[in-house]
Amino acid sequence: MAHSITRQAFERQPERMDEVESGCNAVQSGFDARWSARTSSAALWIMMLFLSITLFAGCHRDPNVRKHKYLESGQKYSAEGKDREAAIQFSNAVKIDKNFADAYYARAHAYLHMGAMSAAFSDLQRTVTLQPGNLQARIDLGNMLLAGGKIDDAQAQATAVMAAQPDNADVHALLSRIAARRDQTDIALAEIHRALELAPTEARLHEILASLEEKDSTQSASVEDELKKSIALDPKSANAKLQLAAFYARYNRLQEAEKISWSAVATDPKNLGAREVLAEIILKQGDSARAEQVLRQASNDLADSPQGVRMLADYFARSGQTDRAKAEFASLAQKYPKNVSVQEGYVRVLLQVKDYATAQTVVTELMKKNSKDPQVDVLNGIVLLNNGKSAEAVNALQGAANNAPRDAFIQFWLGRAAQAKGDNSLAERSYRQAAQLNPHDLEAQEELARIAVQRGDMSMLADVAEKTIAVAPHVPAGYLWRAVVELSRKLQDKAEADLKTAINEAPKNAQAYLMLGELRYAQKRYPESVTLLQQALQYDPNSIGALRGLVNYDLLKKQPGEAVDRVNAQIAKSPKNSGFYDLLARLQIQNKNLDQASTTAQKAMEVNPDDGEAVVIYAQLQVQRGQVTNAIGAWEQWTKAHPNKAGGFAILGMLEESRGDTRKAEDCYKKALQIQPAQPLAANNLAYLMLQNGENVDVALTLAQTARRETPNSPTTADTLAWAYYYKGTYGFARDLLEDAIKVDPNSATKQYHLGMVYSKMMDRDSAASHLKKAISLDPNSQAAKDARAALQGLS
């Protein structure tokens, strides 16, 4: 009998936790009664003890019971507004059952309330995968997809809900938002009106209608009415009040805006947005002291909120008051050492003020207890990157990206670290991912544009420009990038139109004036060019391009003295700009004042030890004087100070090669490639040396292909790759590359010699002789000419 009862207890699936608990309590009560009766039957007593232990174990070990217990505990925390504690309990439930859709969905909402959007998005995706029939989860996911710019994916979720439940008001609200994002205002209005027909007393639907009507200035009265309806329908919701406050503020009805904002705060004291809106409205009234007081009070009132406690510190950071932000975060970090959000905010400000030492200390402490937190990982990666440890930074940021693959911020910094490491392929992938995840954050687009320009890839730059203009039509960057593409395609009228648009959108944008000034210079409309370049320099006193353009005009007029005076005058205004010293040194070299140029280059290195151009100038001067050892010494010193800069070792290799030490040159190139595997100068030169020295042709070919891929428009990399193909016997490829190279650089004796040798192998004796003779005439005393003479003798 006892065994059958026990088996039933294990096999039956309880529907509610209270049923299980009551079962456990019943067993306990029965056991207590028997114990107090002190039965004389030892066998019965033992049997009942075994039964009690068995049932207790069943109550506590059944995974289904435990996961529901955690779910219910989390729901209680959520009802109390304790979202972090709720998330922990929901996570415990998921640990027990990785397919527990209800726990994922509940945790998604907890994460949303905490502002952890990436984690919430991931949980909503998981919920929909496990529970496709959860229509509300699909709608929630659709709204998040839409917020992230994934309009088509949001549409797919809405379509799935419509197929199952076409009269769902929430899905019509989602469809309205989707149509609005597509600028389909009529459809958006129709969908929200349909939602209101289905649920006329749903307050938030009136908010959506008000948002749509706000785009039409003639509908201001209706906007106000809809928001007031929403407030009347749901007086306990702060959202409509905040929207109404923003509406009042837009029309400069600031007293009404402040009044309704205070009401929103009273309605929902834990609402961070309500406090922020209130502070912004008070700031608009010019009372920064009172706004700070509101934010300080918010930080105190919301001390249990990871984000709320840092509201004042965040305000200081946003408003450019970095010293106050640093002090406020330092105080909070000391007061709340276990608040990860505060510590993260502190690190971000420390990075902003370049206090890397303190940032490293804080991050080290964070890593001890939060090593699996993606946000801590990314901060660790940023600190490592700023300390010059690019490889370690990439590892840390890849770990963060694996834990949070849809976090645009992490992807962006992974791109930065990969670029510093020299992994341009990973950098581009990461920037593209960041731009895709957050199309409105233009930093990733800026990096992609920079990569495109460096490669000379105008198709890629055009794509970046169009995407930027689409999401940020009032930002000048997209028009500037598109103008670069148009200029490269000789579409000057279109480029001019884009540059003028950029100036209209940002009347003080120095780059737009610079580019238009350069266009006018190319058109030989010099007075207009000078005016535009002067405006560029006015708006950006550190614009090297603008100053260089004005110097070029001085030189065009054959007034080198005025050019020097102009640069010196700008140096007086911006004495910390090493680029101006570089420009001055170039002018001094042109004027044959080599001693002055050497002194100026040294001054540039003193002002900015990271100025590689200054080291190049100084080294060139030493080489011209026959003092290659001094040049090498300068670069050795620079590479010691910058051990992770591959370019420095590449240049050092060139200098070693110039004095005939090919072994040291190869070592330098290999060192550069260890730091940056795709460093084009090192890859190209090492490939050429290997070919000349009879080393492994396959390795040389791979290096030459790498260099060509990184600098596809360089005649030098074309020549090296062609020479590798020559050694491999692939003469057709070699010929095509060299023909293109000499179109760009027809006066290179080496390239003419190489092309002659290729034609010789292809049995085209006339073409071979023509190019070999050209090599000899261009530089009769060079090694290329000597080799060409020998080859000519072989042809006869």
Side-chain angles (χ1 to χ4, degrees), residues 537 541-662 664-665 667-669 671-672 679-682 684-685 716 779 781-782:
L537 204 56
N542 286 299
S543 174
I544 296 171
L547 183 58
R548 183 182 292 113
L550 291 167
V551 163
N552 287 339
Y553 182 62
D554 291 331
L555 296 177
L556 180 70
K557 295 188 299 179
K558 301 188 184 305
Q559 295 175 336
E562 287 192 19
V564 170
D565 291 343
R566 188 188 297 277
V567 176
N568 278 321
Q570 202 63 30
I571 286 174
K573 294 177 183 177
S574 301
K576 298 298 183 183
N577 189 325
S578 65
F580 290 162
Y581 290 101
D582 296 340
L583 184 56
L584 179 59
R586 292 289 187 195
L587 281 172
Q588 290 166 337
I589 291 172
Q590 193 170 337
N591 295 336
K592 310 297 184 184
N593 296 322
L594 302 187
D595 290 339
Q596 290 181 9
S598 179
T599 301
T600 302
Q602 287 177 305
K603 178 65 177 177
M605 290 187 286
E606 177 187 323
V607 168
N608 179 14
D610 293 332
D611 186 350
E613 173 70 7
V615 184
V616 168
I617 295 170
Y618 180 76
Q620 285 177 342
L621 287 166
Q622 301 306 311
V623 171
Q624 285 180 18
R625 294 171 169 178
Q627 299 174 347
V628 178
T629 302
N630 289 349
I632 289 174
W635 274 108
E636 285 178 338
Q637 185 176 354
W638 195 88
T639 53
K640 284 180 183 177
H642 305 84
N644 296 308
K645 299 288 186 181
F649 288 99
I651 292 173
L652 188 55
M654 287 180 64
L655 290 170
E656 293 288 2
E657 197 175 344
S658 72
R659 70 172 177 180
D661 195 336
T662 57
K664 280 190 177 180
D667 288 344
C668 290
Y669 294 142
K671 177 67 175 175
Q679 212 292 327
L681 179 61
N684 181 80
N685 291 7
T716 302
D779 192 355
N781 298 319
S782 66

For [X] and [Y], work out which heavy atoms get closest and say how close.
| X | Y | result |
| --- | --- | --- |
| Val628 | Ser658 | CG1-OG, 3.9 Å |
| Phe649 | His642 | CE1-O, 4.4 Å |
| Tyr581 | Ile571 | OH-CG2, 3.5 Å |
| Ala601 | Ile617 | CB-CG2, 4.1 Å |
| Ala650 | Ala672 | N-CB, 4.0 Å |
| Ala597 | Leu621 | C-CD1, 3.7 Å |

| task | Sequence neighbours left out, what pairs pass salt bridge (charged side-chain N to carboxylate O under 4.0 Å, His left out) with at least one residue falling in residues 549-558? | result |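 Those involving residues 549-558 are Asp554-Arg566.
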| query | Out of curiosity, Ile651 CD1 to Cys668 SG, how far, rounded to the nearest 0.5 Å? | reply |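 So the gap between those two atoms works out to 11.5 Å.
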| Gap between atom CZ of Phe580 and atom NZ of Lys603 - 0.5 Å precision |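 Between Lys603 NZ and Phe580 CZ, I get 15.0 Å after rounding to 0.5 Å.
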| said: Given 3.5 Å as the limit, does a donor-acceptor pair link the side chain of Thr639 with the main chain of Trp635, or not? | reply: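 Side chain of Thr639 to backbone of Trp635, a donor-acceptor pair under 3.5 Å: yes, one is there.
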| query | Are the side chain of Ser782 and the backbone N or O of Asp779 linked by a donor-acceptor pair below 3.5 Å? | reply |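 A pair under 3.5 Å: yes.
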Distance-only donor-acceptor hits, side chain of residues 542-552, under 3.5 Å, sequence neighbours excluded:
residue, atom, partner, partner atom, Å
Asn542, OD1, Ser574, OG, 3.4
Asn542, OD1, Asn577, ND2, 3.1
Ser543, OG, Ala546, N, 3.1
Asn552, ND2, Arg548, O, 3.4

| message | If the test is side-chain contact (heavy atoms from CB on, under 4.5 Å), which one of Asn568, Val564, Asn593 qualifies with Leu587? | response |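 Only one option passes, and that is Val564.
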| Without hydrogens or angle criteria, can the side chains of Thr600 and Gln588 be said to hold a donor-acceptor pair below 3.5 Å? |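 Present: a donor and an acceptor within the cut-off.
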| said: If you count heavy atoms of other groups shown closer than 6.0 angstrom to CD of Gln627, is the number above 12? | reply: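 Yes, CD of Gln627 has more than 12 neighbouring heavy atoms, counting only those of other groups under 6.0 Å.
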| field | Verdict with supporting geometry, Met654 and Leu681, side chain to side chain contact (heavy atoms under 4.5 Å, CB included) | value | CA-CA 9 Å; Met654 287 180 64; Leu681 179 61; 3.6 Å; yes
| task | Could you point out which residue of Lys664, Glu657, Gln679 forms a side-chain hydrogen bond (donor to acceptor under 3.5 Å, both in side chains) with Tyr669? | result |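 Going through the options one by one, the only one that passes is Glu657.
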| Any side-chain heavy-atom pair from Pro541 and Gln570 closer than 4.5 angstrom? |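 Yes, close enough: below the 4.5 Å cut-off.
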| said: Run the salt bridge (Lys or Arg N to Asp or Glu O under 4.0 Å) test against Glu656 and tell me which residues pass, sequence neighbours left out. | reply: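 Counting only residues at least two positions away or on another chain, Glu656 forms a salt bridge (Lys or Arg N to Asp or Glu O under 4.0 Å) with Arg659.
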